[in-house]
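Atoms considered below: every heavy atom in the structure, side chains included; atoms not considered: hydrogens, waters and symmetry mates.
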Amino acid sequence: MPKNLPGGATAPPDAPVSSADGEAAASPDGSSREARGIDGAAAPKDTPQPNGRSNSNGAGRSVGTRKKQFVIASRLPPDGLQTLGFQPLQFDAVEQALRSNSDIEVVDKISLKSTLGALADGMGGAQGVLVARMTEQKAAALHQQAQGRLLVERDQQLNLMDPALRLPGMVTGVNPSTAGGPVLNAVISVIGKDGAPQANAEVSLFGSMLPASGVTDANGQVSLSLFGETADTVRGLYVKPKADYWSFYQRDPDISSDEPNVVALRALSDWPSLAGFPRQRAYGWGQKAMRLDQLPSKYRGQGIKIGIIDSGAATTHDNLHGIHAGFDIINKKVDPNTWDQDTLGHGTHCAGVIAAADIASGIRGFAPDAEIHACKLFPGGQISQLIEALEYCIDKQIDVVNLSLGGEEVSEALEQQIMRAKRAGVACIVAAGNSAGPVQYPASSPNVLAVAAIGKFDEFPADSYHAQTLDSNVDAYGYFSAKFSCFGPQVAVCAPGVAITSCVPPNNFAAWDGTSMATPHVTGLAALCLAHHPDFQSPQYKTPGPGRVERLFQIIRASAHRVSLGDQSRIGFGLPDVLAAVGLQLQAGQQVAQAMAPQQAGGMAYDPLGLDMMQMQMSAQNQPWPLLHVGRFPLPHPYNPIMW
C-alpha cells in the first residue's frame, strides 16, 4: 500500500520512508539496499571497499560522507494552479514529521513573519523554511515522497563577489617532491611610506607548479618556499596590503634567495585623483564617472532604507558612524547584534560606497542620509541564511538590498523568497559574479537587477594588480570591461568595479576589485532614484510593491549609456547616470518617446531600438538629437566614447 505523507500526499510503494537511515532502506523484495548493487542485483560479499575505507578493525574510524544540511520549504504553485487543486503541503505537519524522525536533525526554522498577508504579497503558501541535516539518500526519499510539492535542496555555501587572484595559471596536478628536488626559499619584505614595515599584507609567489603564500609579520616580512622551482621559473609576485596602499604585482620577478626582496608599496594618497586623501574628502573615480559629484547637495537619499547583506559594517569607521541598525544572521543564536563587527571588511567596503557620511574627510557615499541596515551573512553564509536575511528586509520594509554575493547553483527556495521580497517592494541589486563566465545566481534571476564590472584606464598604478583586470576593449575614454566580470543576457547594467577605494575596518581605506564593488554603486544610485525621482512621489509608485521595483529597474536602465568596446552581454544597457536617474536630466528614450507621440497616435509603432526610424522622425521635426542614448544604442554624449 502507498504510504501516507503529511498534508495528504502519498508516496510510491517502494519509497524508502521507514528505514532507520537513508542508506539501509528496504526494497520491495525485503532485501536491504546496502546489500544490493545500483542495478538491484545482489552485491557479492567480497566487494572491495570504497577508496578511503578500511576493512581493518584498528583504532579510529573510516572517513565517509557526513550528513549534509538541506533547505526544506513548500513549493509554491505557479500562478493559476492553486485554484486547480495544486496545494502546497501543510508545513506544520511536514515539520512535525521531520522532527519525529531520528535520522533527521532540524537545526533551524525560518518563520516568514511578514505582516503583509497572503493576499498582499501574493505568496500565501509560503509558510516557513526548515534547515535540517540528513543523508543525501534520506533527502532524495523526502523529495520523492512529496511528489513535487516540497523543495528539498542542499543548503549551498555562498561566496562574496570579490575576484580571487587568477593570473598566471597557478595550480597544476604536479606534486613536487620535497626530497632532493630544487627549492626556492625567499624572504619578501613589504614596506610603505617612509620605509614603514607593512604587517598583515598577503604575499603570493607563483612558479610553474604550486604557489606559495603567506602573511607578513610585524616587521613586514614573510618567508616563502617554492618546491620544484628556481629563481628562473618564478612567474609572478603579488602583494595585497591590509589597507591604505595600492596592491603590487610583478610578472617574472627577479627573486633572490640570499637576501630579503623588498617591495615598496605606494600610498593611495600618492595617486593624483586622491591627493590629500583621506584627510580631505574625495569622490571615487566611479562616483565621478556616474556624475555623483555634479548632483546638488540636497539629493542625499533621505527617507530610503537600504539593506546590505554582507559581512557586516564596521561602525568604528568615521564615515560609517551613522549606521545604527542590523542583524547578525550567522551568530543569531549567540548575539544577533554583532553585525557591526566585520572581520572580512567586505561589507564595510560596500557600505562606504553606498552611504559613507558627507564629512570633511574620507569618501562620500551615494546616499549618506539613507537608513542603512547591515545584515551580517559572512563568513560562512548559506542559502538558508540569505533567505532569513531577506525576510528581515521584508519585515523592516527595506527599499533596496545590496547583494554582492552568489552561489554555484540556482535555488528554487531562494527564488521564492526573492519573488516574495519583490512583491513586498524590496528591490534586489545583485553582483553578476567574478568567474569570467556566465552570470551567477542570484544575479541570473529575472527578479533582480544584475550588475557587471568595468574599469577605467589610468585610475590605478600600472604595477598594481588592478592592471591585470585590463582587457583589450578599452574605449576612447579609457573604460573597459573587467576581465573577471561575468557576462550574459541577464546583465542589466555595468558599474565601476576596478580599483574602487572605500572604507575598511577599523578606520582605514582600501582599493578593491570585483562586481562586489560595482553593485554598491548601483544600489546607491537606486536609493537616490527612489528618494528624488518624481515618479516615486506619485501615488502609482509611492507605495511599495512589484510595480515600484520594476519602475525603478526601468529608470536605472534608461539612465545608462554605453561604455567600453566590449559586447553588450558584458555591459548590459551601460553605465547608469545619476542625474538622469533622479530626473534632473531627461533620458533620451523619454525625449524620443515624446517626439514620437503624434506618430504613435496615427498608428505607427515606436520601436526604441529602431535607429533609422528615430533619425527620420527627429529630422522631420527638426529636433535636436538626444543627449544620452536610445535603448541600448549609443548616441552623442559628453561621457559617451562612441561619437556619431
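Defined by atom type and a distance below 3.5 Å, a donor-acceptor pair is missing between the side-chain atoms of N261 and S256. Remark: the S411 side chain and the Q156 side chain contain no N/O donor-acceptor pair separated by less than 3.5 Å. Between R251 and Q468, the side chains place a donor N or O and an acceptor N or O closer than 3.5 Å (distance only, hydrogens not considered). No side-chain donor from either of D475 and S564 sits under 3.5 Å from a side-chain acceptor of the other. Neither side chain, T519 nor N402, offers a donor N or O lying under 3.5 Å from an acceptor on the other.
Among residues two or more places apart in sequence or in another chain, the salt bridge (Lys or Arg N to Asp or Glu O under 4.0 Å) test is passed with D108 by K332. D399 is linked by a salt bridge (Lys or Arg N to Asp or Glu O under 4.0 Å) to R548, counting only residues two or more places apart in sequence or in another chain. In terms of the side-chain hydrogen bond (donor to acceptor under 3.5 Å, both in side chains) criterion, residue partners of N447 (sequence neighbours excluded) are, by chain and number, E415. A search for ring-ring contact (aromatic ring centres under 6.0 Å, His included) contacts involving F366 returns H521, not counting sequence neighbours. Taking the side-chain hydrogen bond (donor to acceptor under 3.5 Å, both in side chains) definition, one finds that D310 meets it with H346, sequence neighbours left out. A search for salt bridge (Lys or Arg N to Asp or Glu O under 4.0 Å) contacts involving D369 returns R300, not counting sequence neighbours. With sequence neighbours excluded, the residues satisfying side chain to side chain contact (heavy atoms under 4.5 Å, CB included) with F487 are S569, R570. For H324, the side-chain hydrogen bond (donor to acceptor under 3.5 Å, both in side chains) test picks out no residue, with sequence neighbours left out. With sequence neighbours left out, T515 forms a side-chain hydrogen bond (donor to acceptor under 3.5 Å, both in side chains) with N434.
Listed by first and then second residue, the ring pair (Phe, Tyr, Trp, His ring centres under 6.0 Å) pairs involving residues 371-409 are F327-Y392, H373-Y392 (not counting sequence neighbours).
Aromatic pair F509/H349: centroids not less than 6.0 angstrom apart. Aromatic ring centres of F248 and Y465 lie farther apart than the 6.0 Å criterion allows.
Put simply, the side chain of D335 gets close to the backbone of N337: a donor and an acceptor are under 3.5 Å apart.
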Show which side-chain atoms of residues 214-225 pair as donor or acceptor with protein atoms under 3.5 Å away, not counting sequence neighbours.
residue: T216; atom: OG1; partner: Q198; partner atom: O; Å: 2.7
residue: T216; atom: OG1; partner: N200; partner atom: N; Å: 3.0
residue: T216; atom: OG1; partner: A201; partner atom: N; Å: 2.9
residue: D217; atom: OD1; partner: N219; partner atom: N; Å: 2.9
residue: D217; atom: OD1; partner: G220; partner atom: N; Å: 3.1
residue: D217; atom: OD1; partner: Q221; partner atom: N; Å: 2.9
residue: S225; atom: OG; partner: N185; partner atom: OD1; Å: 2.6

Could you pull out every donor-acceptor pair under 3.5 Å between side chains of residues 262-271 and any protein atom, sequence neighbours left out?
none

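You'll find the side chain of V498 stays beyond 4.5 Å of the side chain of E459, heavy atoms only. Residues S213 and E202 are not in side-chain contact: their nearest non-hydrogen atoms beyond the backbone lie 4.5 Å or more apart.
Between P520 and the choices I500, I308, I354, the side chain to side chain contact (heavy atoms under 4.5 Å, CB included) rule is met once, by I354.
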List the steps and the verdict of side-chain hydrogen bond (donor to acceptor under 3.5 Å, both in side chains) for T316 and N507. CA-CA 6 Å; T316 54; N507 191 27; over 6 Å; no
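With respect to the salt-bridge test (charged N to carboxylate O, under 4.0 angstrom), the residues R291 and D577 qualify.
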